[in-house]
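This report concerns only the one structure given below.
Quick note on labels: first sequence line is chain A, next is B, and so on, each numbered from 1.
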2 protein chains.
Amino acid sequence: MKPTIYDVAKAAEVSIATVSKVINNTGRISEKTIKKVRTIMETMDYQPSGVATALAGKQTFTIGVLVPEISNPFFSEIAKLLEDNAREAGYALIICSTYYQVDREHMYLDLLLKKQVDAIIIATDPIDIEPFKKINKRQVPVVLFTIDELLFSTHVVTTDDIKGGYIAGSYLLQKGHRNFAVVLEEGRKNSLTRLKGFKEAISEKNLILTDQQIYSSKSSMKEARNIAKSILTNPDKPTAIFCCTDLIALVLIQEAKKQGILVPEELSVIGYDNTVIAELSDPELTTVAQPINALAKHTIELLINSISSPGTELQRIVLLPELKERESVNLN
Amino acid sequence: MKPTIYDVAKAAEVSIATVSKVINNTGRISEKTIKKVRTIMETMDYQPSGVATALAGKQTFTIGVLVPEISNPFFSEIAKLLEDNAREAGYALIICSTYYQVDREHMYLDLLLKKQVDAIIIATDPIDIEPFKKINKRQVPVVLFTIDELLFSTHVVTTDDIKGGYIAGSYLLQKGHRNFAVVLEEGRKNSLTRLKGFKEAISEKNLILTDQQIYSSKSSMKEARNIAKSILTNPDKPTAIFCCTDLIALVLIQEAKKQGILVPEELSVIGYDNTVIAELSDPELTTVAQPINALAKHTIELLINSISSPGTELQRIVLLPELKERESVNLN
DNA sequence: TTGAAAGCGGTACCAC
DNA sequence: GTGGTACCGCTTTCAA
């Protein structure tokens with residue numbers, strides 16, 4: 001079995017209180033006993049129990065993360081960055097994929113609360129807010145990540161999606177496009193914000209988007225493929241399409257090519273998120289990039305601060321997106 | 001604050017032992033008190049502390065997963081499937097990306113042990129085995145996932161990589177190719193096993209692979225791009241290339257197209273893993289598929305069994321890969 | 001059918 | 001400097 005603090009204390013001929021102090025560098029212990037205890041710990045290969053520490057010390061050093069789907073490229077990159085930042089601070093992540101389902105959302109929320117995570121990152125739009133209010137009662141700090149809604153008492157770390165949509169819109173305008181389509185990502189509310197920004201941009205040229213020009217697709221390839229087909233077979237074909245995720249954009253490009261439509265010569269496509277697959281596309285995808293490194297960094301910092309000093313003022317950090325110009329948009 | 005079992009007991013006018021029993025459906029409690037306690041628990045919104053349960057009950061209901069990089073499409077899909085299966089059994093996952101670095105590998109191993117995870121899934125080749133031996137002392141069940149090496153006492157759940165390489169090789173042969181190149185994935189040993197299978201296949205036509213025909217690339221796009229260039233500029237260009245991961249294959253295809261080389265007309269490319277990006281490629285990537293659903297399912301089942309009955313005999317589950325024929329290989 | 005009490009492996013306060 | 005000890009919140013005998 002795993003050695004306990006009692007085993008160490010006995011072997012070192014000191015009390016567990018003393019051992020605890022050398023583990024945590026607290027109190028005043030003589031150099032001699034510190035050495036002795038340390039040596040014993042090493043030879044026994046002793047490691048304090050995280051569980052016991054959590055129970056006594058009130059911290060689990062674990063952060064819960066709710067995402068729609070970890071296999072989605074955007075979220076797996078986010079997970080990686082969050083993990084990187086958390087690790088440096090000694091925290092581990094429990095990542096939970098809700099698949100846009102209320103029951104999963106709730107069961108994972110309960111799971112995280114039960115595991116007593118020190119903080120929660122919500123990166124998927126809650127479907128039913130009610131149960132989330134429990135988090136506040138529990139005093140667990142929360143960051144809404146990439147979601148900008150005042151759902152309950154949380155920090156917010158996100159990208160300015162209005163701006164992002166605006167960037168996409170004005171870029172396409174600047175490239176001479178006047179006939180657009182927009183594909184939203186079903187289940188993610190920031191699609192709507194991006195759409196709003198897009199509309200704002202084109203309204204400056206007195207253009208508007210009719211409902212027929214707005215499509216919505218789940219983040220699955222099959223669904224995206226169907227939407228792509230219906231856009232491309234529509235008689236009033238747009239010259240440029242704004243897709244609210246790179247994945248949808250890639251599928252659209254692929255489908256266009258299958259139908260003999262040249263991208264970007266005959267059809268321009270712009271994505272959103274700048275995930276790795278944007279570079280893998282042919283033509284490489286022009287897209288709106290979110291500053292995910294900075295988002296992740298701020299998120300973890302914010303949470304760790306909130307953990308150590310509860311009652312910190314809630315923050316709202318909004319970073320700016322940026323156009324990533326590649327090959328999928330042409331002059332019209 | 002979070003209500004404790006004491007709060008519930010007091011409100012229900014019973015002892016904590018009784019409450020504990022109704023929580024766990026153990027012992028014999030009268031219907032009446034069960035009802036009473038349950039009602040109280042609901043109105044108080046009581047949830048037992050996972051930490052305390054773990055300390056008293058010896059289980060954390062957490063499984064640790066070591067992967068090279070969660071943002072790698074193969075591993076994010078794996079993570080998703082593992083999570084799915086674990087969730088159904090009430091377990092959460094702590095996913096750790098080692099980035100092929102010894103220090104990360106060790107720090108995460110220590111982290112998982114400290115957190116007292118109930119089991120560990122190792123999906124990245126350990127660089128330094130030594131510290132892993134601690135796991136055995138701790139009696140924590142382990143599955144080597146997609147790794148087939150007798151490192152220490154572990155279960156093994158993997159795909160037959162020899163067979164996989166063989167499938168790739170014989171398929172290319174059958175398509176009339178005789179001049180090959182193989183790109184290994186640096187840091188993953190099963191690349192070598194796949195290579196071995198590939199060599200076996202072509203040896204049946206009395207063909208061999210020289211060292212000059214074998215390349216090795218990290219799983220990063222920049223590196224893959226460099227390797228791709230050096231393959232494609234080599235005067236003795238192959239007619240078919242076997243890439244040990246889909247990502248490398250995609251980059252290779254992209255680079256080939258940039259140089260005006262038609263895929264698959266002038267160059268055939270076959271990948272490995274059948275990750276989502278294989279479908280996103282143009283042409284769509286022919287690849288060797290691993291049965292990841294089944295792998296994940298077996299892994300979690302095996303571990304949960306081992307947790308509940310320690311000392312279970314170690315198992316070695318080897319599943320078969322399968323050719324996924326798409327568009328990137330032509331008749332030569 | 002219920003409850004008292006001894007752990008589980010630490011932390012932290014208070015004596016000495 | 002060091003140690004005794006009361007928790008932390010739950011599980012699990014063992015008695016009653």
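Residues forming a ring-ring contact (aromatic ring centres under 6.0 Å, His included) with B:F74 (at least two apart in sequence, or on another chain): none. Residues meeting the side chain to side chain donor-acceptor pair (under 3.5 Å) test with B:N305, sequence neighbours left out: none. Residues passing the side chain to side chain donor-acceptor pair (under 3.5 Å) test with A:K36, sequence neighbours excluded: none.
No side-chain donor from either of A:D103 and A:Y108 sits under 3.5 Å from a side-chain acceptor of the other. Between A:T124 and A:E105, the side chains place no donor N or O within less than 3.5 Å of an acceptor N or O (distance only, hydrogens not considered). Checking A:S219 against A:E185 by side-chain atom types alone, a donor-acceptor pair falls below 3.5 Å. Residues B:K115 and A:T60 bring no donor and acceptor atom of their side chains to less than 3.5 Å of each other. There is a side-chain donor-acceptor pair under 3.5 Å between A:E83 and B:S97.
Applying the ring pair (Phe, Tyr, Trp, His ring centres under 6.0 Å) test to every pair with at least one member in residues 41-70 of chain B, sequence neighbours left out, gives these pairs: B:F61-B:Y91. Within the structure, the salt bridge (charged side-chain N to carboxylate O under 4.0 Å, His left out) test picks out the following pairs touching residues 310-319 of chain B (sequence neighbours left out): B:D148-B:R316.
A:D7 has its CG atom 13 Å from the C1' atom of C:dC8, to the nearest Å.
In this structure, A:K2 places its NZ atom where more than 12 heavy-atom neighbours from other residues, nucleotides or ligands lie under 6.0 Å away.
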Expected list for residues 8-17 of chain A: side-chain donor-acceptor pairs under 3.5 angstrom, two or more places apart:
from, atom 1, to, atom 2, distance (Å)
A:S15, OG, A:A17, N, 3.3
A:S15, OG, A:T18, N, 3.2
A:S15, OG, A:T18, OG1, 3.2

Please set out all donor-acceptor pairs under 3.5 angstrom arising from side-chain atoms of residues 134-143 of chain A, sequence neighbours excluded.
from, atom 1, to, atom 2, distance (Å)
A:K134, NZ, A:D110, OD1, 2.9
A:R138, NH2, B:Q47, OE1, 3.4

Using salt bridge (Lys or Arg N to Asp or Glu O under 4.0 Å), reason through B:E301 and B:K297 one step at a time and then give a plain yes or no. CA-CA 6 Å; B:E301 274 176 13; B:K297 191 154 182 292; 3.2 Å; yes
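Of the residues in residues 107-118 of chain A, not one places a heavy atom less than 4.0 Å from an atom of DNA chain C. Remark: A:L55, A:A56, A:K58 in residues 39-64 of chain A come within less than 4.0 Å of DNA chain D through at least one heavy atom.
When the C1' atoms of four end pairs are superposed on the next four at each end of the helix from C:dT1-D:dA16 to C:dC16-D:dG1, using five pairs per end, the two resulting axes differ in direction by 40°, to 10°.
The aromatic rings of A:H106 and A:F132 lie perpendicular to each other, with more than 60° between the two planes, well past the 30° mark.
Taking a heavy-atom distance under 4.0 Å as the criterion, the stretch of DNA chain D touched by chain A extends 5' to 3' from D:dG1 to D:dG9.
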Interface polar pairs with nucleotides 1-3 of chain C, N/O, under 3.5 angstrom:
from, atom 1, to, atom 2, distance (Å)
C:dT2, OP1, B:S30, OG, 3.2
C:dT2, OP1, B:T33, OG1, 3.4
C:dT2, OP2, B:S30, N, 2.8
C:dT2, OP2, B:T33, OG1, 2.9
C:dG3, OP2, B:S15, N, 2.8
C:dG3, OP2, B:S15, OG, 3.3
C:dG3, OP2, B:T18, OG1, 2.7
C:dG3, N7, B:K21, NZ, 3.4
C:dG3, O6, B:K21, NZ, 2.6

